[in-house]
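Note sheet for the following structure.
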2 protein chains.
Amino acid sequence: MQQKTQQSKLRQKKVVDFHVVKVACKECSLHQLCLPRSITGADLEKLDEIIERKRPLKRNEHLFQVGGSFNSIYVVRSGSLKTYSPTVDGQEQVTGFHLPGELLGLDAIGKGKHPCAAKALETTSVCEVPFEHLEGLAQELPTLQHQLLRLMSKEIFDDQELMLLLGKKTAEARLSAFLLSISLRFKQRGFSSTEFYLSMSRNDIANYLGLAVETVSRMFTRFQEDGLIKAERKHIVIKDREMMQKIAGMNDCCEDPVDDQSQLFV
Amino acid sequence: MQQKTQQSKLRQKKVVDFHVVKVACKECSLHQLCLPRSITGADLEKLDEIIERKRPLKRNEHLFQVGGSFNSIYVVRSGSLKTYSPTVDGQEQVTGFHLPGELLGLDAIGKGKHPCAAKALETTSVCEVPFEHLEGLAQELPTLQHQLLRLMSKEIFDDQELMLLLGKKTAEARLSAFLLSISLRFKQRGFSSTEFYLSMSRNDIANYLGLAVETVSRMFTRFQEDGLIKAERKHIVIKDREMMQKIAGMNDCCEDPVDDQSQLFV
DNA sequence: TTATATTCTTGACCTAAATCAAGGGGAAAC
DNA sequence: GTTTCCCCTTGATTTAGGTCAAGAATATAA
């Protein structure tokens, strides 16, 4: 009861709508992660105005489909999604996983159409940021323009890391690097970096890493035997991070300190 | 003589400097490829002002080194470069090839340092675009901001295509896709799409595609035997594009019509 | 020009991971 | 509760492509 009243107060003049629940950015638990520090006050309200919160997606629901027209970028608030595109032979290719605080849709700006589909791996809520508005706002706010460019640059950089993984690394290095990457991303969002829940199936992981499911499964088993991790179904515990980094053949750059400026909205 | 006088006229009040030869954008042969159509007149002059032309690089000279601080993005005017980063085991990983009209350095915006090095594959000239100035200008010119975002998005999209290649395709599909990609890029720049010169070594190609040199060599041989291409050292002729597309397992999207808006500067 | 070093090609062999095949265990549906 | 289906694991076998080795062609240096 008490809580309800508080929430109402916070929502202030906003219409309560059970389908599109609006929660202002400054009330969001991920606020400090999400916005450039320098954006505050009036600017923050401007941002807040253009952002829409969609009703949560259920598992396996799509956020957008391949070829769908691009209007917005999305930020994961809770839950997780995978993006994937169809290949010629009717298979699907998983192109990425998106955890809370991470963006989707940047690859669609160029063509104005989504080159991949996005599907929720669990119950997931996202913020929708209409791109035209965002562009307009970036025109006014240099910090925001800068942040946007940085974010896209980071995406390019990350993709290149993954290319390296796919092109040159063994199955065991790939899985190790994958787990460490997930671990790091959870850590950056303030979650445990040693213990987490993998919302995606082994199949999705294999697909993403360019391996067969069987290979991934075998690697999980081997990592457990070697005492590197504890894996009970989707619940993972990293036990020997040091060793896993060695196996992954990590560049030092992957251990860079968390960059607070790395996110835009949540 | 006549020509010289003309050039002098065109260069107008600019100081002639043999180290940094300045040539205005509107005089550049690649002008129409390079600039968004809507940028003209006074805006074009603003752009022109911030761009620096560096003296040409000789083969094997570096444009920038790994870890070098990021100040500018670069556009290839003629020649070509490869970008590569060092791996843990002291090897190098080729992350891309850059043909005339293409950009380098977008992956460095995020961290402010170059995550890869860029080396000329032949005598190469580039335009240098100081990033701070570009950002400032994009703040004034919405078209430019938009163009910049589009370009970065395209880079993300292209990287994802390559990830797919590296993760799922056979050696023969990789090489076929590579050759078709080069062919398309030459075409977009107004060169022949069926006959071209590969400035990079087999080694670089193999590295880039995540294959052994020997495998690449064998594939070249096989493609010739099958009458798909004619390859005499680095001179390549595409003889059966249709079949190569089949082998590459191309998504239809790769045959998209040329997008004039795809470039920024040259 | 000859000498030396790359870069490329080809062949023989081997290994990492794919494929094929068969069970086992949870979660969702009835 | 029981059934169904999907996801995961494990084992046996195959294969694409890596590695090793050697020679040919071309480029670079002397």
Side-chain angles (χ1 to χ4, degrees), chain A residues 58-61 82 87 89 91-94 119 121-123 165-179 197-226 229-236 247 249, chain B residues 58-61 82 87 89 91-94 119 121-123 165-179 197-226 229-236 247 249:
Chain A
K58 283 200 284 273
R59 192 167 122 85
N60 289 329
E61 253 186 293
K82 70 170 173 182
T87 59
D89 46 348
Q91 305 279 41
E92 64 180 49
Q93 155 76 27
V94 176
K119 189 195 259 185
L121 293 167
E122 57 194 314
T123 304
L165 196 76
L166 293 173
K168 302 255 186 312
K169 304 280 180 95
T170 62
E172 104 185 327
R174 291 183 204 196
L175 185 59
S176 184
F178 172 75
L179 292 173
Y197 181 83
L198 285 180
S199 56
M200 67 293 288
S201 70
R202 299 281 194 268
N203 226 312
D204 286 337
I205 297 174
N207 189 313
Y208 177 67
L209 295 176
L211 298 169
V213 210
E214 294 92 330
T215 308
V216 170
S217 185
R218 276 184 253 269
M219 290 301 144
F220 266 108
T221 311
R222 192 199 292 177
F223 284 179
Q224 282 200 88
E225 287 169 357
D226 297 354
I229 63 171
K230 188 164 158 295
E232 199 167 324
R233 212 150 171 70
K234 301 192 163 180
H235 184 107
I236 308 291
I247 288 172
Chain B
K58 284 200 285 272
R59 192 167 122 84
N60 289 330
E61 253 186 293
K82 70 171 173 181
T87 59
D89 46 349
Q91 305 279 43
E92 64 180 48
Q93 156 75 25
V94 176
K119 190 195 259 186
L121 294 167
E122 58 195 313
T123 304
L165 197 76
L166 293 173
K168 301 256 185 311
K169 305 281 180 94
T170 62
E172 107 186 324
R174 292 185 202 194
L175 185 61
S176 183
F178 171 75
L179 292 173
Y197 181 84
L198 285 180
S199 56
M200 67 293 288
S201 69
R202 299 281 194 268
N203 225 312
D204 285 337
I205 297 174
N207 189 313
Y208 177 67
L209 295 177
L211 298 170
V213 209
E214 294 93 329
T215 308
V216 169
S217 186
R218 276 185 254 270
M219 290 302 145
F220 266 108
T221 312
R222 192 198 294 176
F223 284 0
Q224 282 201 89
E225 286 168 358
D226 297 353
I229 62 171
K230 189 165 159 295
E232 199 167 324
R233 206 141 178 76
K234 302 194 163 178
H235 184 106
I236 307 291
I247 289 173

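Note on naming: letters A, B, ... go to the chains in the order of the sequence lines (proteins, then strands), and numbering restarts at 1 for each one.
For the pair K58(A) NZ and dA28(C) C1', the interatomic distance rounds to 15 Å; values are reported in whole Å. In this structure, the CG atom of N207(B) is 13 Å from the P atom of dT7(C), given to the nearest Å. Rounded to whole angstrom, the span from the NE2 atom of H235(B) across to the P atom of dT26(D) amounts to 15 Å. Computed from coordinates, the R202(B) CZ to dA25(D) P distance equals 15 Å when rounded to whole Å. Across the protein-nucleic acid pair, K168(A) atom NZ and dG17(D) atom C1' stand 14 Å apart, rounded to whole Å. When rounded to the nearest whole Å, the span between CG of L198(A) and P of dC7(D) equals 16 Å. Computed from coordinates, the R218(A) CZ to dT9(D) P distance equals 11 Å when rounded to whole Å.
Each of M219(B) and R59(B) lies near DNA chain D, and the nucleotide nearest M219(B) is the one positioned closer to the 5' end. In this structure, T221(A) and R174(B) both approach DNA chain D, and ranking their closest nucleotides by distance from the 5' end singles out T221(A). Nearest-nucleotide positions on DNA chain C for V213(A) and R233(A) put V213(A) closer to the 5' end.
Side-chain N/O atoms of T215(B) include one lying less than 4.0 angstrom from OP1 or OP2 on dG18(D).
Under the 3.5 Å distance criterion, with hydrogens and angles disregarded, a donor-acceptor pair is assigned to the side chains of Q93(A) and K168(B).
Remark: the E214(B) side chain and the dC8(C) base include no donor-acceptor N/O pair separated by less than 3.5 Å.
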Test log, rule salt bridge (charged side-chain N to carboxylate O under 4.0 Å, His left out), inputs K119(B) and E92(B): CA-CA 12 Å; K119(B) 190 195 259 186; E92(B) 64 180 48; 5.4 Å; no
Step-by-step side-chain contact (heavy atoms from CB on, under 4.5 Å) determination, L121(B) to D204(B): CA-CA 10 Å; L121(B) 294 167; D204(B) 285 337; 3.8 Å; yes
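Counted within 6.0 Å of NZ on K234(A), heavy atoms from surrounding residues, nucleotides or ligands total more than 12; the atom is thus considered enclosed.
Using a 4.0 Å heavy-atom distance criterion, A212(A) is classed as a base contact. When heavy atoms are screened at a 4.0 angstrom cut-off, K234(A) is found touching the sugar-phosphate backbone but no base atom. The residue S217(B) sits close to a base: some heavy atom pair falls under 4.0 Å.
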